[in-house]
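This report concerns only the one structure given below.
Heavy-atom basis, side chains included; hydrogens, waters and symmetry copies ignored. Worth saying up front: this structure is predicted, and the values here are computed from it rather than measured.
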Amino acid sequence: MKYHRVRVRHFRGIAEAEVVFPDGRLLVIEGPNEAGKSSIVEAIGLLFEFTAESNAEEVRAVRPEGRDADPEVELEFTVGGQRCCYRKVFGRRGATELEVGLPGGRRLAGREAHNEAKRLLEEGVDSGVFRALRVLQGESLAMAGDLAASASLLRALDGGAGTDPAGESLFERAQKEVQRYYTGNRRQETGELRQAREAAKAAKDDVERLEARLRALEARVQEVEELEPRAAELRQAIGELERRAGELAGLADAHRDAQQAAELARTEAATARERQERLEDEVKRREAARREAKRLEEETQTARTRAADLLESAEAARTAFADAERTAEAARARVQEFEGGAELAASDYAHLQEELQLAQMQDRLTAYDDAAERRRAAQAFLAGCRIDAARLNGIEDAEAALARTEAQLRSVTARVEVEGPAGATVYVDGKPETLAGGLLRFDAAEELRIELPGGFAVTVRPSQSQGLLERRLQEQREQLDRLLAEAGAGTVEEARELEQRRREAEREVEDAARVMRQALRDLPNRADLAGRLERTRRRVEAYRAAHAGRRLPSTLEEARRVSEAGSEQLAAARARAREAEQALQAARDALGRAEREAAAAGERAAALERQLAQARAALAAAEAERPTAALDADLAAARGEAALAEAKLAEAEQRLRELAGAGAEAAEVERQLEAARKELRSIEDRVTAARGALSHEGEGTLQAELDAARSRLEAAAVRLESVERRARAARLLADTLARHREAARRAYGPLLAERLGALGRRVFGNDFEVELDDGLAPARRRLGGTWLDVRQLSVGAREQLAVLHRAACAAAAGDGGVPFFLDDALGWSDEGRLAEMARVLADLARDVQVVVLTCQPGRFAAAEGAAVVRIDGGRTGPAGGPRGRPGQGELFPDGA
Amino acid sequence: MVRFLHSSDWQLGMTRHFLSEEAQGRFSDARIEAIETLGRIAREKDAAFVVVAGDVFETNLVPADVVRRALDAMGDAGVPFYLLPGNHDARSPGSVYESERFTRRKPRNVHVLGPEPFEAAPGVWLAGVPWRSKQAPGEAEFFAAAQALAGRRGERVLAAHGQVELAPEAAVTLPRAWLERAVREFGIGYAALGDRHSLTDAGVDGRAWYSGTPEPTDYDELEPGKALLAALEGGRCEVTPVPVGRWRFIERAWEVHDEAELRAAAEELERLPERRRTVLRLRVRGTGGPELRAAIEAAIEELAQSFAAVEPWERYADFIVRAEGEGWEALGLAGFSARGG
């Protein structure tokens, strides 16, 4: 691709400017910053990238400040061998014009023109490369993007590697073909292939669904086929069972008759048996009556004999009774006899006892009277006695107090001891005292005067307390005397004696009372005792008077002996009398019993005689009604009849048993028949249902549907296979081409490296070498025998390498390369390198269009043969200088 | 003397999925037309009746319209038709012969064969051994029919369906010994057999024959498209094949290495008669450039318009496309793609 001329109007700060690109020469555009150099590059970009009507930010940004004018760009260029003129006026009334095949080529306008320009560009250089190779300000350090992705570059590289553009085109076509069948990552089927597969799947599903219905139908067929033989079997079985049931029906009638006959026989036999039993009973009853009469006869006889015997026994009892009566009478008389003696002895004994009691009572009365006298004397003493225990205590207390006071008084008395020569005499209160043993000792209770030989005298005077004690002693003595007087005693000793006597008198009183109570015993008082004594005395005297004529026992003991002997005799007599009475009673009882028994025996004999008479009468009556002989004959006849009836019954039952088997079989046959009919009905129902289903489907469209589905499946399978084949082929082709292309790239990677190396050696020196990465961008550089990663290079070296890389790529890109702008680049390069870079670019410009924009005039002076255009804010004209041919480019900034 | 037509394996309602819808329609029509042809031949040859030895219908679920057309064709033919249920149309539950679509439309001259003999023509008794399920009729059923026929005086014709010991790969369902015994012991004058689609002598003194299908159904059938005209007289039996069908199933293997060979092969096929009733299975062998392959495809496409159907045979994968020759230049290959693998 080559640019020939660009013209811009109303573009940012530029009112109108035109640059003519020299053919085969480097173009250097010089001018200060903001002079509009970059706008030229930007204008070319907008021209291809945006429509004239675009409202994009990028487009709006280039509208001139403060003027109502639409930016306009016109570019003349050659691409794909065709010279074109492309013009756009950006704005709401935007205009697009394209003339292809100058001179006098096709003219296009509007959207058509835009699209055609785009197509031409893409076919010629591809926008990727186009954009990638345009170097704008501030980006000069970047390597040229991922150039490996650029189709144009690769195509160019392919060319360099001995390939040609048509190969790439085939590769693209192959890729596109693959994409018709597979998604981007080739994992999923898509488009036609997917449709074909889905159609095949749908058809298969249909066929399977219909075949399932068909199989269900076949299962029905099989069901019927399996059921029908069973149905036939059942029908046959039912036929046979019905026939057998018919046969058994006759037997059933016979069975019924036999049942009736048996029933009749059973009734007859029962009747005969009953009659026979009745007669047998009667015979038995008659026999029993006869036996009863006989028994009664015998019993009557026995009873009579017994009655006679008992009468005899009664007579004997009567005699025994009389004897017993006599014996009893004698015993009673003897008792009376002894009873008189015993009474007298007893009264004598009592009398003697009373006499004894009389003496005792006399003694008791005497004792009583003695005690009463003693009590009277003691009581008289006590009445005159004034002492008692309390008074005695008071007297003894007073006596003790007196003694204590006397002792106290004694203790305050001075103890006087006079020592001197033995036998010496002293005078106490004038009274001489001899000192026996050389010592005189005495107590001095009162003041006294001791005169000692030699004219000495000692006066001993008691202290004051002595006087007090003496007074208390006096009072206490008086108190004691008063108490003694009250007690009627002269001295304390007498008081004690009196008290002793008082206590003895009290005891005398008590003792006398006790003796009196003993004398009285159970009697309340002496009068009663005296009374009783008197009455006893009178009785004793009376008894003596009454029995004065006879001798009374002399002692109580004698009386007691006499009395006891009498009592014993009487008791013996009484015992004998009691025995006699008992014997008499026994005899009486025996007599009564014998008489009753005799009477009872008589009655029983009479009763038996009556029963006998009745039995005989009844027997005679029965015999008169039916004589025994007739009865026996009847019984024999009844027995015969019963036996006959039993035989008939047995026969009937035998017949019944014989027929019972047939009845059971008939019931079994009926049951089997019922079961078979039921099963047959069930089978017939199922067969009917299955046949119904079969008939329904047969009349339906299943087969037609299945045929259609199978046809669809066949067609879909064929189609799928065809598409699959194509898809596989496409993939194989694409994969193969891709593999080959990769191989080719591996081959021309070094080629690009070599080109870059050749350019580099001119700038950096002869031992320059470079290695590219997978994206064909420089990765390492060798210089001076050292390999360095490009990131390790200095900014200037990196920039130079980037520019050279772009240059190599641009040269390699198809269609004569891509126009290649350097905007204020190589700012980091030193003079020498810059000059060398300029020379390299000038050489490169012979094959590829190279445009350098710089704000420093003369920077690229080393570029031989370069055309130089200068912008300096005023009218811009061709740069002077020996290198450039003037007039190659013109720029008319705003206001020119 | 009595003459009758023996046919079998009509398999009405058969679908050939490789046929286009239109071709399938004609294929189906042809099979109905075969019935008409049989009727016409019967009338022309003075045949007393037509016996069809099984597989009259493709399936017991054959659609009503097919049944209707078949019955119409038989009814119109005017000669009695005796139909034997075969394995495809067994007299099983759901049998087409018991279906309403058959019984309601059955003309009076159409009969379904069973073991009970029909007097198909004066002095000619005809009985069949029908299939009653997926299981072939057993010996007892076979001889029940034979015995029933033996009880009739006159010529005896027995229709049966199954495989005699002929093809080693096919399971025998109709042992030849049965047929021999039927002929020998039960006086069967002719056994009309069905199941093989190829016209075949079953090898029982010339008295047991497969008529084959009246219209071909597949490539591997020998002498299909015929019926047998049988003549019985005084213990003698004569059979004459008569053509009925018009469709053909043919296979071709092309050996093609250049355009000229292709042209010759295609022309050979284009000269074939009745191409629209011919199903062609084609196998292509050879080598050549891509242009030859394209030409082959174009030729096949053209044939497909002419024939009832053209089926690729083993996907004609035997044609090897060579990476040499002029054709490649025409593809415009260049660069690395032109350098080949």
Side-chain angles (χ1 to χ4, degrees), chain A residues 155 158-159 161-171 174 214 217-218 220-228 687 690-691 693-715 717-718 721-722 725 733 736-737 739-745 747-748, chain B residues 12-21 23-24 28 57-67 88-104 131-135 290 293 297 309 311-312 315-317 321 323 328-329 331-341:
Chain A
R155 204 180 301 146
D158 281 345
T163 62
D164 75 20
E168 188 60 34
S169 166
L170 175 66
F171 177 77
L214 197 61
L217 216 54
E218 279 164 2
R220 289 284 206 176
V221 171
Q222 200 174 350
E223 186 188 3
V224 174
E225 281 173 355
E226 282 164 10
L227 289 174
E228 285 202 321
V687 167
R691 280 189 179 279
L694 289 172
S695 168
H696 176 77
E697 281 287 22
E699 303 298 336
T701 56
L702 176 59
Q703 189 64 43
E705 283 174 50
L706 182 58
D707 284 340
R710 280 179 178 151
S711 295
R712 274 202 307 283
L713 176 58
E714 177 87 11
V718 168
E721 192 173 332
S722 153
R725 209 163 54 238
L733 178 62
T736 308
L737 287 176
R739 212 164 50 244
H740 287 190
R741 193 176 72 157
E742 280 308 307
R745 278 193 190 165
Y748 53 64
Chain B
L12 302 171
M14 171 190 267
T15 304
R16 285 296 172 206
H17 304 295
F18 46 79
L19 295 177
S20 68
E21 203 174 324
Q24 175 68 48
S28 298
F57 296 105
E58 171 70 1
T59 156
N60 271 330
L61 293 173
V62 63
D65 58 340
V66 175
V67 176
H88 277 258
D89 51 359
R91 191 105 193 227
S92 59
S95 164
V96 62
Y97 298 109
E98 287 162 14
S99 72
E100 207 181 281
R101 58 196 190 283
F102 182 87
T103 52
R104 214 157 57 85
W131 283 53
R132 296 194 182 277
S133 71
K134 293 271 176 211
Q135 298 296 313
R293 194 177 96 170
E297 284 182 29
E311 263 200 298
R315 308 287 173 220
Y316 46 88
V321 179
W328 289 106
E329 285 163 25
L331 287 174
L333 298 178
F336 65 85
S337 57
R339 284 188 288 168

Completion exercise
Assert top hit (heavy-atom pairs under 4.5 Å, partner chain B, pool R710(A), Q222(A), R220(A)) equals R710(A)
Practice task
To the nearest 0.5 angstrom, please state how far the CG atom of L61(B) sits from the OG1 atom of T701(A).
Solution key: 10.0 Å
Problem - Spacing of N60(B) atom CG and R91(B) atom CZ [to the nearest 0.5 Å] - result: 10.0 Å
Exercise for the section: Would you give the length of the straight line joining atom CG of L214(A) to atom OG1 of T59(B), rounded to the nearest 0.5 angstrom? Expected result: 6.5 Å
Handout entry: Any Q703(A) side-chain heavy atom under 4.5 Å of V62(B) side chain
Key = no
Practice task
Check whether any side-chain N or O of S28(B) sits under 3.5 Å from a backbone N or O of Q24(B) as a donor-acceptor pair, and report yes or no.
Solution key: yes
Problem - Polar side-chain atom of E58(B) near backbone of H88(B) as donor-acceptor pair, under 3.5 Å - result: no
Practice task
Please lay out, stage by stage, how K134(B) and E218(A) fare under the test side chain to side chain contact (heavy atoms under 4.5 Å, CB included).
Solution key: CA-CA 10 Å; K134(B) 293 271 176 211; E218(A) 279 164 2; 4.3 Å; yes
Handout entry: Part of E223(A) lying under 4.5 Å from any heavy atom of chain B
Key = neither
Completion exercise
Residues passing the side chain to side chain contact (heavy atoms under 4.5 Å, CB included) test with V687(A), sequence neighbours excluded, are V224(A), L227(A), E228(A), I683(A), R691(A)
Fill in the blank from the handout: Most heavy-atom pairs under 4.5 Å with chain B, out of A704(A), A715(A), S711(A), belong to S711(A)
Fill in the blank from the handout: So, the part of L713(A) with a heavy atom under 4.5 Å from chain B: the answer is neither
Exercise for the section: Anything in residues 93-102 of chain B with a heavy-atom distance to chain A below 4.5 Å? Please list those residues in order. Expected result: P93(B), G94(B), E98(B), S99(B), E100(B), R101(B)
